[in-house]
Asks: 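Below is the structure I would like to discuss, written out as structure tokens.
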Amino acid sequence: MIPVTSFSGKTVAVFGLGGSGLASCQALKAGGAEVIAADDNADNVAKAAQAGFTTADLRSVSWANFAALILTPGAPLTHPAPHWSVLKAREAGCEVIGDVELFCRERRRHAPNAPFVAITGTNGKSTTTALIAHLIDVAGYDTQMGGNIGTAILSLEPPRMGRVHVIEMSSYQIDLAPSLDPSVGILINISEDHIDRHGTLEHYAAVKERLVAGVQAGGTAITGVDDIWCRNIADRLDRAGKRVVRISVKNPLPDGLYVEHETIVRASGAARSEIARLGGIGSLRGLHNAQNAACASACALAMGIATDVLQNGLRSFPGLAHRMEQVGRRGNVLFVNDSKGTNADAAAHALSSFADIYWIAGGKPKAGGITTLTEYFPRIRKAYLIGEAAAEFSGTLGERVPHDMSGTLDVAIASAARDAEASGLAEAVVLLSPACASFDQYRNFEIRGAAFRDIVQALPGVEPVV
């Protein structure tokens, strides 16, 4: 745990008592703050009280003595409307921040030069975060990985030299970290997502930009340049005097890292050098993973990791659960869990990585649906539609892709497995890549992915993939 000393002797309100909220309460209390904990969920309030924290309804208490509101990223800061606790804090002139901001303040107080890697992007940030942590661990560092990828940042060990914090950050977390200042900041890509929470794509991109714009003096900003938003951000960072490393998997670059023929190449003026080879690394299959690997490699190089150590780390990377995870095989059929493919862009990465696909899609729909995926329709032998989005997806697929209205995941898996096995194809792929959020039938994508894995592995004759 990281004790938060920046609020020692002060009273702090914490709203949102899930994993990161409770970790914030513990860290603040350990640092000498008085914590008043609250949540809209009575069960969460009860858990906080059982853990020994003072709880209260923040609607009915005086805010005069609160030094800050520590807000869960799950509560809206701006759109579609600020959460009621945010309005209360603003009325009282009380700052609204999150747990990442608390980490940043502690790092500046106690170990301002301790390595801090922050990663964001619309897609690929979890894989890139896990890969960076793996590379740094292989290089022999004390590696602390957390943030949006799972472990609350304040539950990690405190910053110190020789210890590297590798933190995945969503746009919600960045929004609550006004003084975010990593030593290495990584922005992988930007496409339309979470507009319900940011209002416009422009605002969403501006929030993402803050992660790389805030890189501390002498640090490195690593930015993908295969979309117009990130290209413009990289140019602005250059003009601001930041050290910028550009990343592309679509085009050679005059300066930066790019991927060509499954090889990561570093360019500097007229000089070109091979950094690492990606061919044959199953956990980094597909163009999207090449982008993740190039970003992670740029981070490793910025930290002084040798290229032979980097190559060994890439080869030994086990991959990320629920992201292109090969969970079983039965005869000619490969079962792939890509439950983390929660929007069309993410699903596109999976669809582009296989040929003969029996596609399970659907859930709680997101803006745009699957209209951007038409170029991948020829790869799909049949689709099996589930959840709230089934009717919408059916309309988009039309007569171009045969499809069943399966409704639920278990029905979809059984039907897809049967059809794939009967196809006679050399390798048919049953792919769960929903292009949707999970919230209509599952609490999160991890539970959905685990359900897929469990159902598949219970099928007769399914063997693990080695």
Asks: Output every pair passing side-chain hydrogen bond (donor to acceptor under 3.5 Å, both in side chains) with a member in residues 176-188, not counting sequence neighbours, ordered by first then second residue.
Replies: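 As it turns out, the side-chain hydrogen bond (donor to acceptor under 3.5 Å, both in side chains) pairs with a partner in residues 176-188, which skip direct neighbours, are Glu101-Ser179, Arg108-Ser179, Arg108-Asp181.
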Asks: Let me confirm one number: the CD1-NE2 distance from Ile447 to His322, rounded to the nearest 0.5 Å.
Replies: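 It is 9.0 Å, given to the nearest 0.5 Å.
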Asks: Could you tell me whether the side chains of Asp410 and Thr408 share a donor-acceptor contact shorter than 3.5 Å?
Replies: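 A donor-acceptor contact under 3.5 Å links the two side chains.
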Asks: So, Thr11 and Asn65: side-chain donor and acceptor under 3.5 Å apart, yes or no?
Replies: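 There is no such pair between these side chains.
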Asks: Checking Arg105 against Glu95 for the salt bridge (Lys or Arg N to Asp or Glu O under 4.0 Å) test, could you report, in this order, the C-alpha distance in whole Å, the side-chain angles of both residues, the deciding distance, and whether it holds?
Replies: CA-CA 14 Å; Arg105 295 184 186 188; Glu95 67 173 339; 2.9 Å; yes
Asks: Are the side chains of Arg239 and Arg236 in touch, meaning some heavy atoms are under 4.5 Å apart?
Replies: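 Yes, side chains in contact.
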Asks: List the steps, then state whether side chain to side chain donor-acceptor pair (under 3.5 Å) holds for Ser353 with Arg285.
Replies: CA-CA 7 Å; Ser353 298; Arg285 182 177 185 170; 5.6 Å; no
Asks: Is it true that the side chains of Thr5 and His110 contain a donor and an acceptor less than 3.5 Å apart?
Replies: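 There is such a pair between these side chains.
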Asks: Check the orientation of His203 and His79. Use parallel for under 30°, tilted for 30 to 60°, and perpendicular for over 60°.
Replies: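 Geometry flag for His79 against His203: tilted rings.
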Asks: Is it true that Asp142 and Arg160 have a side-chain N and a carboxylate O under 4.0 angstrom from each other?
Replies: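 Arg160 and Asp142: salt-bridged.
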Asks: Give a yes or no on whether the backbone of Cys436 and the side-chain of Lys364 come within a donor-acceptor separation of less than 3.5 Å.
Replies: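 A pair under 3.5 Å: no.
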Asks: Set out, in order, the CA-CA distance, both residues' side-chain angles and the distance that settles side chain to side chain contact (heavy atoms under 4.5 Å, CB included) for Ile36 and Val61, then state yes or no.
Replies: CA-CA 10 Å; Ile36 308 298; Val61 300; 5.7 Å; no
Asks: Would you compute the distance between atom SG of Cys104 and atom CD1 of Ile153 and round it to the nearest 0.5 angstrom?
Replies: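 Taking SG in Cys104 and CD1 in Ile153, the distance rounds to 6.5 Å.
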Asks: Looking at CD of Gln26 and OG of Ser155, how far apart are the two atoms once the value is rounded to the nearest 0.5 Å?
Replies: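 Gln26 CD to Ser155 OG: 6.5 Å, rounded to 0.5 Å.
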Asks: Going by heavy atoms in the side chains, are Leu58 and Trp84 under 4.5 Å from each other?
Replies: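 Side chain of Leu58 against side chain of Trp84, heavy atoms only: contact under 4.5 Å found.
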Asks: Kindly compute the distance separating CE (Met169) from OG1 (Thr129), expressed to the nearest 0.5 Å.
Replies: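 Met169 CE to Thr129 OG1: 10.5 Å, rounded to 0.5 Å.
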Asks: Is there side-chain contact between Arg90 and Pro82, with heavy atoms separated by less than 4.5 Å?
Replies: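 Heavy-atom side-chain distance check passes, below 4.5 Å.
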Asks: Just verifying a value: how many Å separate Asp226 CG and Leu253 CG, rounded to the nearest 0.5 Å?
Replies: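 The CG atom of Leu253 is 8.0 Å from CG of Asp226, to the nearest 0.5 Å.
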Asks: How long is the gap from CG on Leu334 to CG on Leu431, to the nearest 0.5 Å?
Replies: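 Between atom CG of Leu334 and atom CG of Leu431 there are 9.5 Å.
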Asks: Between Thr122 and Asn343, is a side chain to side chain contact (heavy atoms under 4.5 Å, CB included) present by the stated rule, with each step listed?
Replies: CA-CA 9 Å; Thr122 303; Asn343 58 46; 4.2 Å; yes
Asks: Are Arg107 and Gln216 linked by a side-chain donor-acceptor pair shorter than 3.5 Å?
Replies: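 A pair is found: one side chain offers a donor N or O, the other an acceptor, under 3.5 Å apart.
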